[in-house]
Amino acid sequence: MNLIIQNGALPTFLLDRIAAATQAAAVEPRPPRVVCFRNASRTTEFDALLPLIEAEKLDWAFVPADRKLADYGLICFDMDSTLITIECIDELADFAGKKAEVSAVTESAMRGEIDYRESLRRRLALLAGLDARVLARVYGERLLLSEGARELLEAAQTAGLRTAILSGGFTYFTERLRIELGFDFATSNELEISGGKLTGKVVGDIVDAQAKAHHLNRLRDELGLEREQVIAVGDGANDLLMMAEAGLSVAFHAKPATRAKASVAISHGGLDSLLNLFEA
């Protein structure tokens, strides 16, 4: 295994202690902000250094030494707070004057304290009667891609991976992102609109954590891939089932419970930090 430490300056004293703790065969700096410890082992001595690594706001991951991005065939992204910087439902709620109420439920759901289906029903009910034209304003005025999203996506597409957005968010946003960024697939909830206003409901069944995992497995099987050839990227409790079905699960600026169950965590860098885990 190689140990990759990135997204900040690694102090020399800490570099030396990590090299000794992991019994690394070689230390390979990759400027400007990546260091690779080759043939490294995760040990109790390394784990004892984690508070120091985290204090320096560094991301780290043990990865197979010969792994290439092209070894994978599918990469799936959550949308809200992963592929993009916002929670779309919170921004819609802002236009309805109910952002604080909706955000509180969103945060509770992301921590896994409330079932996602119930949390979505509660939040949508607060949006009933909102002018549907607000959707365009949220997309045009507030939606921003997360740092490194475009770079990661372009690299994945160049390497031959198929790409998907699997979201508990809304089709108004996922479909526009799918078209704009060239994603192959997108799955999310369709807001019900009547008389030009949101009804506070969705059309059909809710896309929740189980549905996201189901769609990942469906795409994997349709593409003839093995579990180890799938990457899933998410940030909250609603992503854990999807991430569990992937060979490589990535917690991006995620809640602690999500970080704890992911293969790797990116807490300080952009999405393109994932590219540093693969050999060229």
Side-chain angles (χ1 to χ4, degrees), residues 1-8 33-34 36 42 50 53-54 57-65 67-85 110 112 145-169 177 181 183-187 209 212-213 215-217 219-220 225-279:
M1 301 286 281
N2 289 342
L3 168 62
I4 304 296
I5 296 185
Q6 60 175 323
N7 294 320
R33 299 199 303 167
V34 182
C36 174
R42 183 166 183 178
L50 287 177
I53 294 172
E54 291 167 0
K57 299 188 183 303
L58 297 165
D59 289 323
W60 61 273
F62 284 90
V63 294
R67 189 65 54 83
K68 296 180 174 61
L69 182 59
D71 293 336
Y72 295 87
L74 173 67
I75 183 167
C76 300
F77 295 86
D78 171 52
M79 180 178 68
D80 295 276
S81 297
T82 300
L83 183 64
I84 62 176
T85 61
M110 296 303 285
L145 293 179
S146 293
E147 178 188 356
R150 197 177 297 273
E151 291 81 359
L152 173 57
L153 182 61
E154 289 176 354
Q157 291 167 334
T158 298
L161 281 71
R162 306 299 292 276
T163 56
I165 303 171
L166 303 180
S167 173
L177 289 170
L181 299 176
F183 275 88
D184 295 300
F185 312 100
T187 296
K212 292 167 74 166
H215 285 296
L216 182 148
N217 287 331
L219 291 172
R220 182 190 65 200
L225 300 172
E226 300 295 327
R227 179 179 179 276
E228 290 71 24
Q229 293 175 281
V230 179
I231 303 171
V233 188
D235 74 297
N238 195 45
D239 300 314
L240 286 173
L241 293 180
M242 171 181 78
M243 292 166 66
E245 296 298 329
L248 175 61
S249 56
V250 182
F252 180 68
H253 292 228
K255 304 296 184 291
T258 308
R259 290 199 303 269
K261 295 183 179 181
S263 306
V264 301
I266 298 171
S267 299
H268 304 292
L271 280 169
D272 55 339
S273 301
L274 182 60
L275 299 174
N276 295 321
L277 305 186
F278 305 109
E279 296 292 334

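Side chains included, hydrogens not; waters and symmetry mates left out as well; all remaining heavy atoms used.
Put simply, the side chain of Leu153 does not reach to within 4.5 Å of the side chain of Arg150, judged on heavy atoms. Contact of the Leu274 side chain with the Ile231 side chain is registered, since non-hydrogen atoms from C-beta on lie closer than 4.5 Å. Put simply, the side chain of Thr258 does not reach to within 4.5 Å of the side chain of Asp235, judged on heavy atoms. In this structure, Thr163 and Gln157 have side chains that are in contact, with non-hydrogen atoms separated by less than 4.5 Å.
Atoms OG and NE2, from Ser167 and His215 in turn, are 11.0 Å apart once rounded to the nearest 0.5 Å. Between the CG atom in Asp239 and the OG atom in Ser81 there is a gap of 9.5 Å [rounded to 0.5 Å]. Atoms CD1 and CZ, from Ile165 and Phe183 in turn, are 4.5 Å apart once rounded to the nearest 0.5 Å. Interatomic distance, Asp59 CG to Asn7 CG, rounded to the nearest 0.5 Å: 4.5 Å. Going from atom CH2 of Trp60 over to atom OG of Ser267 covers 10.5 Å, rounded to the nearest 0.5 Å. With values rounded to the nearest 0.5 angstrom, Ser273 atom OG is found 10.5 Å from Glu151 atom CD.
The salt bridge (charged side-chain N to carboxylate O under 4.0 Å, His left out) contacts involving residues 71-84 comprise Asp78-Lys212, where partners must be two or more places apart or lie in separate chains. Each ring-ring contact (aromatic ring centres under 6.0 Å, His included) pair with one or both residues in residues 229-278, not counting sequence neighbours, appears once here: Tyr72-Phe278.
Between Arg227 and Glu245 the shortest heavy-atom distance is CG-O, 3.3 Å. For the residue pair Leu271 and Ile266, the shortest heavy atom distance occurs at O-CD1, 4.3 Å. The minimum heavy-atom distance linking Lys68 with Glu279 is given by the pair CG-O, 3.9 Å. Minimum heavy-atom separation, Leu145 to Leu177: CD2-CD2, 4.1 Å. For the residue pair Ala251 and Met243, the shortest heavy atom distance occurs at N-CE, 4.0 Å. Between Gly234 and Ala254, the shortest heavy-atom distance links the atoms O-CB, 4.4 Å.
Of the possible polar contacts, none joining the Thr187 side chain to the Leu166 backbone as a donor-acceptor pair under 3.5 Å is found. In terms of modelled atom types and a separation under 3.5 Å, the side chain of Asn2 and the main chain of Val63 share no donor-acceptor contact. Between the Ser249 side chain and the Ala244 main chain, no donor and acceptor come within less than 3.5 Å of each other.
Arg162 pairs by the salt bridge (charged side-chain N to carboxylate O under 4.0 Å, His left out) definition with Asp184, not counting sequence neighbours. By the ring pair (Phe, Tyr, Trp, His ring centres under 6.0 Å) test, Phe185 pairs with no residue at all, sequence neighbours left out. Under the rule for a side chain to side chain donor-acceptor pair (under 3.5 Å), the partners of Asn276 that lie at least two apart in sequence or sit in another chain are Gln6. Under the salt bridge (charged side-chain N to carboxylate O under 4.0 Å, His left out) criterion, Arg42 pairs with Asp47, sequence neighbours left out.
Across Leu74, Leu219, Leu161, a single residue satisfies side-chain contact (heavy atoms from CB on, under 4.5 Å) together with Leu225, and that is Leu74.
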